There are 2 protein chains.
Amino acid sequence: MAATDQLSAVFSALADPTRRAILAELADRDATVTELAAPLPISMPAVSRHLKVLEGAALISRRRLGKWRASRLEAAPLRDAADWIERYRRFWDSSLTRLDAHLAAVQAAGRETEGMAQDPSVPDNKVLDKEL
Amino acid sequence: MAATDQLSAVFSALADPTRRAILAELADRDATVTELAAPLPISMPAVSRHLKVLEGAALISRRRLGKWRASRLEAAPLRDAADWIERYRRFWDSSLTRLDAHLAAVQAAGRETEGMAQDPSVPDNKVLDKEL
DNA sequence: CCTTCACTTAACCAATACGTTAAATGTAAT
DNA sequence: ATTACATTTAACGTATTGGTTAAGTGAAGG
């Protein structure tokens, strides 16, 4: 996806298994393009472009080392992605705090009623740009 | 992206701001397609297909309610995504455990040496399919 | 220098993504 | 039955993605 916004760029980058494999590799150590390409079943130019995508999402940084170019993991954008997802933790986490348990119960109760708003034909939707 | 695997499908689904907005809406309450489409600047068919993508990633479930179709948030796949990202927490989190602090220090030390493997022209890469 | 090595860019291709409008489907209501 | 409403599917256009091979570019090394 064209990086419309930062978070989209990060999720988009993570959507590709090859790129996730590259990040996993970089978690162990910085690496050159050739090193990263070695275990992958694709050509070097393909790897080069995956790296460009990761760089575009700010998930890696790169520097020249003589003949080589080293890639380094930059995890800050992963924090943003994690933060976004965290908002939904209460929907799956079973080890809830007392307050969260209450809120989850309310949520569940609301769901048990089996209806959303009584009359969905009269939607009272607020424009919800709480987050993207 | 075509759902090559579950995790890719989830990250791919999250890569679109419209779909993230839909999930945010569903965090508050179940909703019909019309309700979800109301605040969005796109046509109903477009929303319908975003919902199909979310359903394909198992991020929502749907049921018929008479004339309407209600969408419900299903957060389990978000847990998987969060779990994947969590592995990288030590790279950004400043509140480290004692062990993590040690590991991070080792990591940092390795980076200070400014070189990856002494001679990158002789890469000793293991095929790292530790994870996708 | 001139070659070699590491990598990127260019040009191309097939498949997918995301939007549109128009037509089809299914349920409800008259 | 007929009409209306909610939603999906079809058909279409354009942009992006992810891969390829072939042709640059830049630094090292003989």
Side-chain angles (χ1 to χ4, degrees), chain A residues 1-5 8-22 30-38 40-57 60-71 115-123 125, chain B residues 1-5 8-22 30-38 40-57 60-72 115-123 125 132:
Chain A
M1 169 189 285
T4 51
D5 62 283
S8 295
V10 173
F11 281 131
S12 188
L14 296 182
D16 187 288
T18 298
R19 286 192 289 264
R20 293 202 302 279
I22 290 174
D30 293 1
T32 67
V33 181
T34 302
E35 286 175 324
L36 291 171
L40 299 173
I42 59 178
S43 67
M44 177 121 47
V47 174
S48 185
R49 288 202 322 194
H50 278 303
L51 291 174
K52 190 182 272 187
V53 171
L54 289 170
E55 193 174 24
I60 66 170
S61 61
R62 292 197 279 179
R63 64 194 201 287
R64 203 167 245 302
L65 269 189
K67 195 151 62 164
W68 301 279
R69 276 193 87 182
S71 293
M116 41 247 78
Q118 280 61 12
D119 185 4
S121 65
V122 186
N125 257 351
Chain B
M1 168 190 286
T4 51
D5 61 284
S8 295
V10 173
F11 281 131
S12 189
L14 296 181
D16 187 289
T18 299
R19 286 193 289 264
R20 292 202 301 279
I22 289 173
D30 293 1
T32 68
V33 180
T34 302
E35 287 174 326
L36 291 171
L40 299 173
I42 58 178
S43 67
M44 178 119 49
V47 173
S48 184
R49 289 203 320 196
H50 278 303
L51 291 173
K52 190 182 272 188
V53 171
L54 289 170
E55 193 174 25
I60 66 169
S61 62
R62 292 197 281 178
R63 64 194 200 288
R64 202 166 247 302
L65 268 189
K67 193 151 64 165
W68 301 279
R69 276 193 88 181
S71 293
R72 165 173 298 185
M116 39 249 77
Q118 279 61 11
D119 185 4
S121 65
V122 186
N125 257 351
L132 44 164

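Keep in mind the model is a prediction, meaning the values are calculated, not measured.
Among D/dA6, C/dC5, D/dT9, the nucleotide with an atom closest to any side-chain atom of B/Ser48 is D/dT9. Considering only side-chain atoms of A/Ser43, the nucleotide from D/dT20, C/dG19, C/dC7 that sits closest is D/dT20. For B/Arg19, the side-chain atoms get nearest to C/dC18 when compared with the rest of D/dT8, C/dC18, D/dA22.
Applying the 4.0 Å criterion to OP1 and OP2 of C/dA11, one finds that A/Arg49 has every side-chain N and O outside that range.
A heavy-atom distance below 4.5 Å is not found between the side chains of B/Glu35 and B/Trp68. For the pair B/Leu40 and B/Ile22, the minimum side-chain heavy-atom distance is below 4.5 Å. Counting only heavy atoms from C-beta outward, the side chains of A/His50 and A/Ile42 approach each other to under 4.5 Å.
Counting to the nearest Å, the P atom of C/dT8 and the CD1 atom of A/Ile42 are 13 Å from each other. In this structure, the CZ atom of B/Arg69 is 11 Å from the P atom of C/dT27, given to the nearest Å. The distance between atom NZ of B/Lys67 and atom C1' of D/dT7, rounded to the nearest whole Å, is 11 Å. At whole-Å resolution of the value, CZ in A/Arg63 and P in D/dG26 are 20 Å apart. Across the protein-nucleic acid pair, B/Leu36 atom CG and D/dA6 atom P stand 14 Å apart, rounded to whole Å. Across the protein-nucleic acid pair, A/Leu65 atom CG and D/dG26 atom C1' stand 14 Å apart, rounded to whole Å. Rounded to an integer number of Å, the gap from B/Trp68 CH2 to D/dT8 C1' is 17 Å. The NZ atom of A/Lys52 sits 7 Å away from the C1' atom of C/dT9 (whole-angstrom rounding).
Residue B/Ala46 is the one, among B/Ala46 and B/Gly66, whose nearest nucleotide of DNA chain C lies closer to the 5' end (criterion: closest heavy atom). Comparing A/Met44 and B/Val33, the nucleotide of DNA chain D nearest to each residue sits closer to the 5' end for B/Val33. Nearest-nucleotide assignment on DNA chain D puts the 5′-proximal partner with A/His50, out of A/His50 and A/Arg64.
Judged by distance alone, with hydrogens and angles left aside, the side-chain atoms of A/Thr32 form no donor-acceptor pair with the main-chain N or O of A/Ala70 at under 3.5 Å. Side-chain atoms of A/Arg19 never come within 3.5 Å of backbone atoms of A/Leu14 as a donor-acceptor pair (strictly under, hydrogens ignored).
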